[in-house]
Amino acid sequence: MIKKIIEKALENPKILLILIICLSALLIIQFFKNFNDKKNVRKDAVKRSKAVIGGQVAEQIAPFLPNFPANPSDARFIGKPVDFIVFSGLSETEKIDEILFVEVKTGKSALNEREKEVKKAVEKGKVRYVEYRIN
């Protein structure tokens, strides 16, 4: 069918001109559609990047913000799979009252699967202390 259209277009200059205009219009429409799609993808990537960076900054300064559940001096940043391990009481009395696992979240972010697994293990008491000696 396409072969017949091309043959007819080559025989008649008016049909050839119409065919060229139609194909050009389709190419232009496709170009602008792809351009807008890429533009939206870039905007989304920038938005997500800003959210990630903002979350990382918040994680680092969290111990110094109001309502942090422990003395900032007792907090040790780990990052993954939890943000902080807190040894409550260590800086003031040098005696540890409690050990906390603290995950910092901003906005509408939720725990990921690995963070949920850590939370479950702690809640079930599946936590232990191991002394590892190198001889």
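All values below come from the heavy atoms of this structure, side chains included, with hydrogens, waters and symmetry mates left out.
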Any P69 side-chain heavy atom under 4.5 Å of V86 side chain: no

Roughly how far, to the nearest 0.5 Å, is NZ of K105 from CG of N112? 5.5 Å

Using side-chain contact (heavy atoms from CB on, under 4.5 Å) as the criterion, point out the one residue from V127, V122, I85 that pairs with I99. I85

Any side-chain to backbone donor/acceptor pair from D83 onto V104? Under 3.5 Å, distance only. yes

Close side-chain approach of E115 to V82, heavy-atom, < 4.5 Å: no

Which distance, rounded to the nearest 0.5 Å, do you find between the OG of S88 and the CG of L100? 4.5 Å

Using a strict 4.0 Å threshold on nitrogen-to-oxygen distance, state whether E117 and K119 make a salt bridge. no

Do F84 and I78 have side chains that get closer than 4.5 Å, going by heavy atoms? no

Do F68 and F77 sit in one hydrophobic cluster, given that two such residues count as connected whenever their side-chain heavy atoms are within less than 4.5 Å of each other, even indirectly? yes

Counting distance only, does the side-chain N/O of R128 pair as donor-acceptor with the main-chain N or O of G125 below 3.5 Å? no

Answer with yes or no whether the hydrophobic clustering places L111 together with F101; edges join I, L, V, M, F, W, Y residues whose side-chain heavy atoms lie under 4.5 Å apart. no

Looking at every heavy atom in both G89 and D97, which two are closest together, and how far apart are they? CA-OD2, 3.7 Å

Between S91 and N71, is any side-chain donor less than 3.5 angstrom from a side-chain acceptor? yes

State plainly whether the residues K116 and E113 are in salt-bridge range, i.e. N to O under 4.0 Å. yes

Separation between CG of D74 and CD of E92, rounded to the nearest 0.5 Å: 6.5 Å

